[in-house]
Protein chains: 2
Amino acid sequence: MVEHSPAFLDAVFHALADSTRRSMLHRLAQGEQSVSELAEPFAMSLAGASKHVKVLEKAGLVRRRIAGRMHYCRLEAARLAEAQAWLRYYERFWTRRLDTLEALLEAEDQAASEGENPKG
Amino acid sequence: MVEHSPAFLDAVFHALADSTRRSMLHRLAQGEQSVSELAEPFAMSLAGASKHVKVLEKAGLVRRRIAGRMHYCRLEAARLAEAQAWLRYYERFWTRRLDTLEALLEAEDQAASEGENPKG
DNA sequence: GGAATGCTCAACCATATGGTTTACAATAGA
DNA sequence: TCTATTGTAAACCATATGGTTGAGCATTCC
């Protein structure tokens, strides 16, 4: 839980450490896009954009489906979930104040549900 | 909300894209550590480790307190929270009900690529 | 004062990264 | 069949990165 396969997280975080690639992911959130569609917003050669797509693909953030000469890309969100899981470990450092509140609320929930819903 | 100051996220994700630095953050989660304490677990010169600390510091993930010749570092979790905020945008892609929807999308993919590539 | 400690800085090196251009392969369309 | 489109691959370039060593600055300790 603590380590999360280092090489894997290296690739994911590295892929995210570039605004061009983050923009591409953002567009992919709207749905499948071809490589040239992904490249279109950027002042960059198609070959350059294609390299970015490859970085995303190698990090497992994008899946490619080849149909004829078109390469359609789609978001592979599971890998983002794993990055978030890594970050989640640190959540307690910025939600500390909420923790006490939450503990309190949970204690209340517990007390309230003890009579009604024993399973929780 | 969508863009999150690109250069800032560049620095944060880049800082996280290295297992040495992630380990350092993990140790800092236990509490304040000096630079040489942070360096100790790694087969690396102190100067090398010091560079990693600087990367973390520049990304705003670590705050340094100088006391005499000692440099004490502590976790600055707020910046991690911002990285997580960026990731949260994509949460819907892994937390939605996958079963029926995903099956549907994959069936569409299948049908689509069969139609586009009749030659096989 | 003198020596050891903690740390940074500067110079250097090998490799990675982000971009380009050119060439090419495959597919689609006239 | 000829041509345009989509995309990758290769070669190249400038800069960034991750590491080293050695020098040096404060600080602490004897």
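FYI, side chains are in, hydrogens and waters are out, and symmetry mates aren't considered; it's all heavy atoms of this structure. All values reported here derive from a predicted model rather than from experimental measurement. Chain A is the first sequence line, chain B the second, and so forth, proteins listed ahead of strands; every chain is numbered from 1.
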- Task: Whole angstrom is fine here: how far is it from CD in B:Gln33 over to C1' in C:dC7?
- Result: 16 Å
- Task: May I ask you to decide if A:Ser34's main-chain N or O and A:Glu37's side chain share a donor-acceptor pair within less than 3.5 Å?
- Result: yes
- Message: If I take atom CD in residue B:Glu57 and atom C1' in nucleotide C:dC7, what distance separates them, rounded to the nearest angstrom?
- Response: 12 Å
- Whole-Å gap separating C1' (C:dT21) and CE (A:Met44): 15 Å
- Item | Euclidean distance, atom NZ of residue B:Lys51 to atom P of C:dC13 [Å, nearest integer] | 14 Å
- Would you mind reading off the distance between A:Asp18 atom CG and D:dA16 atom P, rounded to a whole angstrom? 14 Å
- Which is it for B:His26 and A:Tyr90 under the side chain to side chain donor-acceptor pair (under 3.5 Å) test, yes or no, and what are the steps along the way? CA-CA 8 Å; B:His26 198 263; A:Tyr90 298 91; 4.9 Å; no
- Query: Checking all strands, does B:Gly48 fall into the base, sugar-phosphate, or nothing category for heavy-atom contacts under 4.0 angstrom?
  - Reply: base
- Query: With distance as the sole test, does B:Arg74 use its side chain to make a donor-acceptor pair with the main-chain N or O of B:Arg63 at under 3.5 Å?
  - Reply: no
- Message: Distance check needed: C:dA28 P versus A:Ile66 CD1, whole Å only.
- Response: 12 Å
- Can you tell me the distance, in whole Å, between the CZ atom of B:Arg65 and the P atom of C:dG6? 16 Å
- Query: Of the candidate nucleotides D:dG7, D:dG19, D:dG18, which contains the atom at the shortest distance from the side chain of B:Arg21?
  - Reply: D:dG18
- Consider the side chain of B:His14, meaning its heavy atoms from C-beta on, and name the nucleotide among D:dG7, D:dG18, C:dC7 that approaches it most closely. D:dG18
- Query: Can any side-chain N or O of B:Arg88 pair as donor or acceptor with the backbone N or O of B:Glu82 at less than 3.5 Å?
  - Reply: no
- Note on the structure: Which of D:dT6, C:dG6, D:dG19 is nearest the side chain of A:Met70? It is D:dT6
- Rounded to whole Å, CG of A:Leu46 lies from C1' of D:dA4 at a distance of 14 Å
- Item | Nearest-nucleotide pick for A:Ala47, side chain only, options being C:dC7, D:dG7, C:dT21 | C:dT21
- Query: Base, sugar-phosphate, or nothing for A:Lys54, non-hydrogen atoms under 4.0 angstrom?
  - Reply: sugar-phosphate
- Message: Taking any heavy-atom pair under 4.0 Å as a contact, classify B:Ser36: base, sugar-phosphate, or nothing.
- Response: sugar-phosphate
- Task: Verify the contact: side-chain N or O of A:Ser45 to OP1 or OP2 of C:dT20, cut-off strictly under 4.0 Å; return yes or no.
- Result: yes
- Item | Donor/acceptor link under 3.5 angstrom from B:Arg69 side chain onto base of D:dT27 | yes
- Query: Are A:Glu57 and A:Lys54 within salt-bridge range, i.e. N to O under 4.0 Å?
  - Reply: no
- Message: What's A:Thr20 touching, base or sugar-phosphate or nothing? Going by heavy atoms closer than 4.0 Å.
- Response: nothing
